[in-house]
2 protein chains.
Amino acid sequence: MMPQDEKRFQEKIRAIQDTMFVIGGKWKIPVILSVYRGNRRFNDILASIPKITNRVLSKELKHLEENLLISRTIVSKYPVRIEYTVTDYCLSIDKVAKPMEEWGKGHKKKISKQS
Amino acid sequence: MMPQDEKRFQEKIRAIQDTMFVIGGKWKIPVILSVYRGNRRFNDILASIPKITNRVLSKELKHLEENLLISRTIVSKYPVRIEYTVTDYCLSIDKVAKPMEEWGKGHKKKISKQS
DNA sequence: GATACCTGTATACAAAAGGATACTTAAAAT
DNA sequence: ATTTTAAGTATCCTTTTGTATACAGGTATC
C-alpha cells in the first residue's frame, strides 16, 4: 500500500501535468489574453502577439476551443467572418495567469541581478 | 507610439513566456515538488516521478540549477554522492504551482462532466 | 478582368522535447 | 572475482512544436 501523502503527491503531479497540457507551451496563455483583451478576429489576434505565425495560431485556437476556453462563432458566411471569444469558464485561467505573470517579472529581476 | 495599455499587454505576454520557459513543460514542476518533498538523490527523484527517464531528469535538473531553483552538492567524492535541494528562491514557485494544481483538478471535473 | 481582403489550410522543413536503452566509473557488498 | 549501487552520459529514435511559404474560396474593389 502506498502511504497517504505519497498518494497525494502523485495526484498533485498529475493535476499540474493536466494544467500544463491545456495551457502550457509558449503561446496558449498569450492567445487567451489577446482574445480576452478584445481581439476577436483571426488577423487581429495574429497581429497582437509578436512572432506568432498563422499556422500556430490556428492550431492553438483549435486546442483552446476543444478545452472549452475559447469559442468560435461564424458571424457571417459571405464573406466568411469568424469571431473568437473567451468562454465564461476561461475566466478561471486568470487564477493561474496572474501568478505566472508576477513570477516572470520577479524572475527577470532576479536573473539580471546575479549575472 | 504604442498606447499605454498595449505596451502593458506586451509586457504581460513576455512575463508569462519567461515563466513558461523556466518552469514550463511536462516535468519541471514535478521535479521541484519531488525535491521539495525530500527526495535528494538522483535515483530517488527518478523513482518518485512516474514515467520520467534518467536522461530527461538529468536535463531538467540542470535547467533548474541554471535558473537558481535547485542546488546540486557533491556530498562525497568516493563514492560519488550528490544531493539536490531546493533553494530558498524556489519556494516562490509555490505561488504558481498551487494555482496550477487547483486549476488542473477543477478542469478534470469540468471535462469529465461534459463528455 | 486583375487584384486585394479575410480566414484559414497544405506542404515542407527545422528545432526542441521527450523516450529507450546501453554504457561508464569507482566503490561497496557478496 | 563478480555483482550491485549511484549518478549520470552517449547514442539513436520518435513526437511535438515552431517556421516559411504558398495556396484556397468567396467577396469587394479598382
Side-chain angles (χ1 to χ4, degrees), chain A residues 13-14 16-32 34-35 38-67 69-86, chain B residues 13-14 16-35 37-67 69-86:
Chain A
I13 288 181
R14 289 214 45 193
I16 287 170
Q17 288 182 331
D18 287 348
T19 301
M20 274 298 178
F21 174 75
V22 179
I23 57 160
K26 202 170 167 185
W27 304 113
K28 293 187 190 77
I29 297 189
V31 169
I32 289 170
S34 174
V35 177
N39 297 303
R40 298 169 153 253
R41 307 248 296 274
F42 190 86
N43 282 329
D44 292 343
I45 303 166
L46 190 66
S48 74
I49 303 169
K51 306 212 176 170
I52 198 168
T53 63
N54 53 358
R55 181 182 181 274
V56 170
L57 177 56
S58 172
K59 287 196 171 179
E60 298 293 40
L61 284 169
K62 222 167 255 169
H63 174 94
L64 293 171
E65 205 193 335
E66 280 162 11
N67 283 281
L69 297 173
I70 293 277
S71 65
R72 179 186 190 270
T73 321
I74 302 168
V75 291
S76 133
K77 202 108 196 232
Y78 305 105
V80 182
R81 222 161 269 268
I82 312 287
E83 268 189 20
Y84 294 96
T85 48
V86 296
Chain B
I13 289 181
R14 289 215 45 195
I16 286 171
Q17 288 183 331
D18 287 349
T19 301
M20 274 299 179
F21 174 75
V22 179
I23 57 162
K26 203 170 165 185
W27 303 113
K28 294 188 189 75
I29 297 189
V31 169
I32 289 170
L33 291 178
S34 173
V35 177
R37 214 174 158 258
N39 297 304
R40 299 168 152 254
R41 308 247 295 274
F42 190 87
N43 283 328
D44 291 343
I45 303 166
L46 190 66
S48 74
I49 302 170
K51 307 211 175 174
I52 199 169
T53 63
N54 52 359
R55 180 184 182 275
V56 170
L57 177 57
S58 172
K59 287 197 171 179
E60 299 293 41
L61 284 168
K62 224 167 252 170
H63 174 94
L64 293 171
E65 204 193 336
E66 281 162 10
N67 284 281
L69 297 173
I70 293 278
S71 66
R72 178 187 191 271
T73 321
I74 302 167
V75 292
S76 134
K77 201 109 195 229
Y78 302 106
V80 181
R81 223 159 269 267
I82 312 288
E83 268 189 18
Y84 293 95
T85 48
V86 296

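Order of the sequence lines sets the chain letters (A, B, ...), proteins ahead of strands, with each chain counted from 1.
D:dG8 atom P lies 13 Å from atom CG of B:Leu64, rounded to whole Å. Rounded to an integer number of Å, the gap from A:Leu57 CG to C:dC6 C1' is 13 Å. Here C:dT7 presents its P atom at 9 Å from CD1 of A:Ile45, a figure rounded to the nearest Å. Between A:Met20 atom CE and D:dT17 atom P the separation is 13 Å, expressed in whole Å. Per the geometry, CG belonging to B:Leu46 stands 13 Å off P belonging to D:dT9, to the nearest Å. When the P atom of D:dG8 is taken as reference, atom CD1 of B:Ile70 falls 12 Å away, rounded to whole Å.
Counting non-hydrogen atoms of neighbouring residues, nucleotides and ligands closer than 6.0 angstrom, the CZ atom of B:Arg14 reaches no more than 12 such neighbours.
Listed pair B:Tyr84 / D:dA6 fails the phosphate criterion, with no side-chain N or O lying under 4.0 Å from OP1 or OP2. OP1 and OP2 of C:dT7 both lie 4.0 Å or more from every side-chain N or O belonging to A:Arg81. Dashed line: the shortest gap from a side-chain N or O of A:Ser58 to OP1 or OP2 of C:dT9 is under 4.0 Å. A sub-4.0 Å separation between OP1 or OP2 of D:dG18 and a side-chain N or O of A:Trp27 is present.
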Reading nucleotides 10-17 of chain C 5' to 3', which nucleotides get B (base under 4.0 Å from a protein heavy atom), which S (sugar-phosphate only), which -? -BB-----
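Taking the side chain as every heavy atom from C-beta outward, A:Leu64 and A:Val35 never approach each other to under 4.5 Å. A heavy-atom distance below 4.5 Å is found between the side chains of B:Ile52 and B:Leu46.
Relative to the side chain of B:Thr53, the nucleotides D:dA7, C:dT7, C:dG19 differ in distance, and C:dG19 lies closest.
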